[in-house]
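Some notes on the structure that comes next.
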Amino acid sequence: MGRRTFMKWSQSLIRTLREAPREAEAVSHKLMLRAGLARKLAAGLYTYLPLGLRAIRKVEDIVRQEMNKKGAQELLMPTLQPKELWEQSGRWDDKELGMLKLKNREEREFVLGPTHEEIITDLVSKEVRSYKELPLNLYQIQTKFRDEMRPRFGMIRAREFIMKDAYSFHVDEGSARKGYQDMYEAYSNIFRRCGLKTQVVEADPGAMGGSKSEEFIALADSGEDIIVSCPQCNYAANLESAQQGDEQLRKSREKMKLLEEIETPGIKTIKELEDFLGEKPEKMIKTLIYSADGKTVAALIAGHRELSEVKLRKNLKCENLEMADERLIEEVTGGPLGFSGPVGLKKVKIIADVGVTKIVNGITGANKQDKHIRNVNMGRDYNPDEVADISYVREGDRCPKCSHELAMRRGIEVGHIFNLGRRYSQSLGAKFLNEKGEETLAIMGCYGIGITRTVAAIIEQNHDENGIVWPMSVSPYQVHIILLNVNSRETVKVADNLYNQLTGEGVETLLDDRDERAGVKFKDADLIGVPLRLIVSPRRVAEKKAEIKHHRDGRELLIAIGQVREKVKELIQENLSSYGQA
RNA sequence: CGGGGUGUAGCGCAGUCUGGUUUAGCGCGCUUGCUUCGGGAGCAAGAGGUCGGCGGUUCAAAUCCGCCCACCCCGACCA
């Protein structure tokens, strides 16, 4: 059991803070600083102090166990990666990964690894020859660098962080599906054992490429992801890719009226239009001009909705998607920015959001300075080239599967599994000979877990007003001995004995042997949040007893000193199994 | 990168608007001594600050002006 270490508080670098630095906003961030788990070096860069590192190692151990159980093998790749491989995969100029590039003295270019598809695929392409050697699942636990545009929420979004990344290689689709399913199960086990409640959602593969991907989201108020889920059926998706149900899209019975041009001096935004005309945004057709891989596209969205660039990009199957600048807008629409509309638009592809089809007598830009048009109707006044789901789901929308009202919640993405297909094996040449002797491209999957972020997520979900409430499985220590009154020789002796006994048995024990008053020690214990607390005081020692307290629910036991060792071990086991410890 | 905000002792803050009376202050923490000792103790004595940086205005700048930097929050990206 456990990591055997000796830790007396008086000799350790455990520094608690009474108040959190102002820069910390998220609960996990505040508590990690206050409880002395980590310290900031610069934005998005943290030093993990001994206590924090222990929690990180605990999570890593769980990850290793569950990965190994599925036959995955651990290896370790370099963080510094040569430009050439990234050019081969076509990702050297990828903007999404936040690559931190650098040159050595010989002007050779490198990137500090934001992810390792290139490296692992290159390795496997060199090592694997035959279908008999597959499938393979290789993983590492390593520091990743992403030059985030905006590090946030402390350890939840850092520039440098620890990640477990796994990559699988398969001979065919069936095997790839099995590999993906294995990881799905491993991930479910890992997060459950970490004491995290997660929700799996459909996601967009984004920069990784590939077909299918799902995210494991830890529900938390300070999460940056918004997830959409159906309380009725099992539908759940990331806001970026959540689909709109059809139910909310009722077409009004209004009769079509004649087109009418109206004066709207300086009125450019939907909000301004709403105030100016006194009409609901639902009646307006917002026209957004985009440049997609050099081609111009007009996206039509109902005024009260927002365009999802992720959905639009997917629909257009384009790499680069940017909003058009004023010059381009004038060129293609003939009118200035803020007055675009679909009527009479000729030179561009028009994609209408599904909701737009239901707008009767809509209001939209006239493609002329200070003019809008009223009573615009699809089919009569304009025809989109395509109708697609390209806007975000909103509060109150219906489930695409069962039409129940959707719920929106915040969460932290702690894990992400992807089916990559042949994208990297293709570009980096990961081929093998199949049974028939034919050269075949491996089908790949990749599976990530943000380790340091997971620790933060655990704290987000496991804390109270006084501090962290660690699940036993990931707590830096299992037992926290609080020695009250270091001036009582007898008490100190008992505490020392218990400490040595427990530590000797592999129980991870922290002994607070500081010369501090009881209140200080209790407050610090509340902050640090070790699940079992053993209180050794002159009062109890006189009775030859000690107190054991459960931090989570405050349950207390009075135990004869001689029986503490057994009881503690029993409680630890009991506690671990409640998180599904293997 | 766009928008908003903050930089004064290790942490939390006041002072800045209305320049000089501040030798730059308060709480917590830190050091020493005495008392106290089951929920962040009391008394006493201390240590600790180029007021984010640079430049300007002024007899005089934490305070006014300019530039820069750092950090935080909201947006686009991700584990």
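Here is the naming used below: chain letters follow the sequence lines, and residue numbers restart at 1 for every chain.
- In terms of position on RNA chain B, the residue among F216(A) and N466(A) whose nearest nucleotide sits closer to the 5' end is N466(A).
- Among the heavy atoms of the strands, none lies under 4.0 Å from R39(A).
- Under a cut-off of 6.0 angstrom, the local environment of CG in D553(A) is crowded, with over 12 non-hydrogen atoms contributed by other residues, nucleotides or ligands.
- Projected onto RNA chain B by closest heavy-atom contact, L527(A) and A26(A) fall at different nucleotides, the more 5' of which corresponds to L527(A).
- The distance from atom CG of L33(A) to atom P of G10(B) is 16 Å, rounded to the nearest whole Å.
- In summary, E87(A) and K83(A) engage in a salt bridge, as defined by a charged side-chain N under 4.0 Å from a carboxylate O.
- Pairing for G48(B) is absent, judged as Watson-Crick or G-U wobble with the two contacts each under 3.5 Å.
- Counting non-hydrogen atoms under 4.0 angstrom, A158(A) reaches a base of the nucleic acid.
- Base pairing annotation: G29(B) forms no Watson-Crick or G-U wobble pair, as no partner gives both donor-acceptor distances under 3.5 Å.
- R146(A) forms no cation-pi arrangement with F161(A), by the criterion of a distance under 6.0 Å to the ring centre and an angle within 45° of the ring axis.
- Taking atom C1' on both U63(B) and U16(B), the two are 4 Å apart, rounded to the nearest angstrom.
- U21(B) and G48(B) have their C1' atoms separated by 25 Å, with the value rounded to a whole Å.
- For R22(A) against U6(B), a side-chain-to-base donor-acceptor contact under 3.5 Å is absent.
- If you measure from atom CD1 of I156(A) to atom C1' of C72(B), you get 15 Å, rounded to the nearest angstrom.
- Base contact: G450(A) has a heavy atom under 4.0 Å from a base atom.
- Nucleotide C1(B) forms a Watson-Crick or G-U wobble pair with G75(B), both donor-acceptor distances falling under 3.5 Å.
- Pair assignment for U21(B): none, as no Watson-Crick or G-U wobble contacts are both less than 3.5 Å.
- Between the P atom of C78(B) and the CG atom of L100(A) lies a distance of 18 Å, rounded to the nearest Å.
- Within the nucleic acid shown, N487(A) comes within 4.0 Å of at least one base atom, counting heavy atoms only.
- One atom, NZ of K30(A), and another, P of C11(B), lie 16 Å apart when rounded to the nearest Å.
- Of the candidates C72(B), A79(B), C37(B), the closest approach to any side-chain atom of M163(A) belongs to A79(B).
- The partner of U63(B) cannot be assigned: no Watson-Crick or G-U wobble pair with both contacts below 3.5 Å exists in any strand.
- Across the protein-nucleic acid pair, K40(A) atom NZ and C11(B) atom P stand 10 Å apart, rounded to whole Å.
- Taking atom CD1 on I482(A) and atom P on C37(B), their separation rounds to 19 Å, with Å as the unit.
- The nucleotide whose nearest atom lies closest to any side-chain atom of M149(A) is, among A76(B), G27(B), G75(B), A76(B).
- Among residue pairs with one or both ends in residues 458-467 of chain A, none qualify as salt bridge (charged side-chain N to carboxylate O under 4.0 Å, His left out); sequence neighbours excluded.
- Heavy atoms from other residues, nucleotides or ligands lying under 6.0 Å from NZ of K311(A) number more than 12.
- The partner of G7(B) is C69(B), judged by Watson-Crick or G-U wobble contacts that both fall below 3.5 Å.
- Using a 4.0 Å heavy-atom criterion, one finds that A24(A) contacts no nucleic acid atom at all.
- Of the candidate nucleotides A41(B), G75(B), C78(B), A41(B) has the atom lying nearest to any side-chain atom of V520(A).
- Residue R453(A) places a side-chain atom within donor-acceptor reach of the base of C78(B), judged by atom type and a 3.5 Å distance cut-off alone.
- Salt bridge D513(A)/K8(A): absent, no basic N to carboxylate O contact under 4.0 Å.
- F153(A) comes within 4.0 angstrom of the backbone, heavy atoms only, and of no base.
- Atom C1' of nucleotide G75(B) and atom CZ of R157(A) are separated by 12 Å, given to the nearest angstrom.
- Across all strands shown, U58(B) has no partner, as no Watson-Crick or G-U wobble contact with both distances under 3.5 Å is found.
- Using a 4.0 Å cutoff on non-hydrogen atoms, the parts of residues 538-556 of chain A near RNA chain B are R539(A), R540(A), E547(A), K549(A), ordered by number.
- Using a 4.0 Å cut-off, some side-chain N or O of R150(A) falls inside it from OP1 or OP2 of C73(B).
- Summarising the geometry, the separation between CG on L17(A) and P on C30(B) is reported as 12 Å, rounded to the nearest angstrom.
- Of the listed residues (R34(A), R514(A), R533(A)), just one forms a salt bridge (Lys or Arg N to Asp or Glu O under 4.0 Å) with D524(A), and that residue is R514(A).
- In this structure, I217(A) and I412(A) have side chains that are not in contact, with every pair of non-hydrogen atoms separated by 4.5 Å or more.
- At a threshold of 4.0 Å, the pair D61(A)-R193(A) does not count as salt-bridged, since none of the basic side-chain nitrogens sits closer than that to a carboxylate oxygen.
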